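First comes the structure, then the notes that go with it.
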Amino acid sequence: MEIKIPAEVTQIIDILESAGYEAYCVGGAVRDSVMGITPGDWDITTSAKPYETQELFKDFKTVDTGLKHGTLTVIINHKPFEITTFRIDGEYGDNRHPESVKFTPDLKDDLARRDFTVNALAYNKRTGIVDLYGGQDDIYNSIVKTVGNPDKRFNEDGLRIMRALRFSAVLGFEIEKETAVSIHKNKDLLKNISVERISAELTKLVCGKNAFNVLMEYSDVLSVFIPEIAPAVNFKQYGEKHAYDVWEHICHTVDTIPQEKTLRLTMLLHDLGKVPTHALNEKGNSTFKNHAGVGGEMAKDILTRLKFDKKTVNRVSFLVGNHDFEPPESKTELKHHLKNKTPEDIRTLLTIKKSDRGALSEKYRDISAGTTQTLKWLREIEENNECCTLKDLAVTGSDLLKQGFSGEEIGKRLDTLLDAVIEGKVENTKSHLLTYLL
Ligand code: ATP
Ligand code: MG
């Protein structure tokens, strides 16, 4: 099989081979190429020692990404390429970092240290694909399987547990039986892994096309770092509205929302607030008073703990906190929402609602009429610059000051005027508004 390699990679391999070393593309780029996907980045593995690579590329722009561990990044045409020396990882003392790495002249050893068979493929034009662990078969059979004994491999580096889940979700692959059993058994190893790395994998996982199956099968693994998930699994919801328990409902909503980070994380967390707010009403149906608000706080806690960036934390907790938003019954009601939400917020909340309702029982699923109507009103409001916020109001605080109002009274009066305009009780002109106040 021939793989199409970018010119820069060919150039790098040529330079290394001309100097008498072996060099191959390796890992994800080969995997993606075999799958017919255009790789995001290309990694090169070589028999040249780090300082030898450095010498060969001294006329290029390079970045020392981790020469100690064998990696030099070469920049060609503004694109980075990681060149790593064939290596054997030493003992793993902390389930994450090998205490030492040993360079080796043998590609075989380098492939043996790689996590999954599908990632343990190397390729160059001269040799073709080097596949010592059945990686190509596993690609064709859509299987994620560790290279070698899974217990041993996960104990070396616990992050591989999340990587397995991520590859399964993103590539749509099944995790092989023995690997899967080992993941469940060794899940607590994730406690030794930095949350930043876990979060990066979690984000890719939830954005994957196969996230549903992974979330359903591995909720115990996610619960290691999001313990709020465990009680949601099999948490029954009583009443004709519901089709699933809380966790299964969540998984369906993640599955149906567009594959974008904020939306996917929002759905993952949106109903965790149901567990602490659950009660049964006199008919025996579940109620979840203020579960959105409670969930918004939980989302904030969880994402902060997992060290997501502030923007993501705030946006997701806002969306979770407001996911009880329903398509409004009237344009006036919509305008009341727009007092403290942007049109963009409303559109996003509609997207969320569609997924959320889609995972209720049949009768409650369709909100297309309400959505279409809301979008139409939104467009009208935007096109006509209809007044919905304090800054659209034809009077300001200083106008009221001049009228003799002061302190908190000013804010209150402005709110009253805004509500009156939204409800059509007064025209939004300065004279009408000031008269209305009398
Ligand atoms: P992508 O770049 O699409 O996320 P990838 O497979 O290229 O996927 P990288 O994290 O870029 O993943 O790693 C490149 C390669 O390095 C992998 O394909 C794998 O061979 C190896 N590798 C990365 N992380 C590990 C790990 N924790 N344990 C063992 N091998 C790993
Ligand atoms: Mg990669």
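None of these values were measured; they are calculated from a predicted model. In listed order, ligands and their atoms are each counted from 1. No hydrogens, no waters, no symmetry mates; every other heavy atom, side chains included, goes into these values.
Between Trp377 and Glu329, the shortest heavy-atom distance links the atoms CH2-O, 3.6 Å.
Contacts between Asp157 and ligand 1, counted as non-hydrogen atom pairs separated by less than 4.0 Å, involve the side chain only. With a 4.0 Å cut-off on non-hydrogen atoms, Phe167 touches ligand 1 through its side chain and not its backbone.
Shown in contact with Gly28 at under 4.0 Å from a heavy atom are these atoms of ligand 1, numbered in order with element: 5 (P), 6 (O), 7 (O), 18 (O). Of all atoms in ligand 1, listed by their number and element, those nearer than 4.0 Å to a heavy atom of Gly27 are 18 (O). Which parts of ligand 1 touch Arg113 is read off a 4.0 Å heavy-atom cut-off, strictly below it: atoms 29 (C), 30 (N). Proximity to Asp41 (heavy-atom distance under 4.0 Å) selects the following atoms of ligand 1: 2 (O).
With hydrogens left out, the protein atom closest to atom 19 (C) of ligand 1 is Asp115 OD1, 3.5 Å, a heavy atom. The protein non-hydrogen atom at the shortest distance from atom 15 (C) of ligand 1 is Arg114 NH1, 3.6 Å.
Across the listed options Met162, Arg153, Arg166, Arg163, Arg163 owns the non-hydrogen atom lying nearest to atom 17 (C) of ligand 1. Distances from atom 6 (O) of ligand 1 to the heavy atoms of Arg160, Arg197, Lys204, Arg31 show the closest one on Arg31. Comparing Val170, Thr84, Asp89, Asp43 against atom 14 (C) of ligand 1, the shortest heavy-atom distance belongs to Asp43.
Using bins of under 30°, 30° to 60° and over 60° for the plane-to-plane angle, the ring pair His270/His323 lands in the perpendicular bin. Ring geometry for Phe288 against Phe235 counts as tilted: the plane angle lies between 30° and 60°, on a 0 to 90° scale.
Just one of Asp356, Thr266, Thr262, Ile352 meets the side chain to side chain contact (heavy atoms under 4.5 Å, CB included) condition when paired with Ile257; it is Ile352.
Atom CD of Glu17 is surrounded by more than 12 heavy atoms from other residues, nucleotides or ligands within 6.0 Å.
Using a distance-only test at 3.5 Å, with no hydrogens or angles considered, no donor-acceptor pair links the side chain of Asp255 to the main chain of Cys251. Here the side chain of Thr287 pairs no donor or acceptor atom with the backbone of Asn281 at under 3.5 angstrom.
Looking only at N/O/S atoms, Asp41 comes nearest to the Mg ion (ligand 2) through OD1.
Separating the CD atom in Glu382 from the SG atom in Cys388 is a distance of 9.5 Å, to the nearest 0.5 Å.
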